[in-house]
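Input: a single structure, listed below in structure tokens.
Computed from a predicted model, the values in this text were never measured in an experiment.
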Amino acid sequence: MVVRTLVDIGDDHLKALDEIAATKNVSRASLIREAVSAFLEHSSIDERSQAFGLWGKRKIDGLAYQEEIRGEW
């Protein structure tokens, strides 16, 4: 299912998109769909959630660890 969406894009970005679209012989909308797909793939919630709580399994307090490491300088 494809839903039409209204998005405000600056003139400079539109011009750049139009130039790329002409070079690739595709529509501006196709480029935007491709960009959104790439962004969503790169910014998936799964990747971010894997890092959540990463420090929690350590035995030392984060601030104490920071002070210890900085003490080495």
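- With rounding to the nearest 0.5 Å, the separation of CD1 in Ile20 from OG in Ser30 is 12.0 Å.
- Rounding to the nearest 0.5 Å places OG of Ser27 at 10.5 Å from CG of Asp18.
- Residues Ile60 and Ile69 are members of one and the same hydrophobic cluster, defined by side-chain heavy-atom contacts under 4.5 angstrom among Ile, Leu, Val, Met, Phe, Trp and Tyr.
- The CD atom of Glu68 lies 11.5 Å from the CG atom of Asp61; values are rounded to the nearest 0.5 Å.
- Hydrophobic clustering (ILVMFWY, side-chain heavy atoms < 4.5 Å, transitive): Val36 and Val7 are in one cluster.
- A distance of 6.5 Å separates CZ in Arg28 from CD1 in Ile32, rounded to the nearest 0.5 Å.
- Contact record, Leu17 with Leu31: O-CD1, 3.3 Å, taken as the closest heavy-atom pair.
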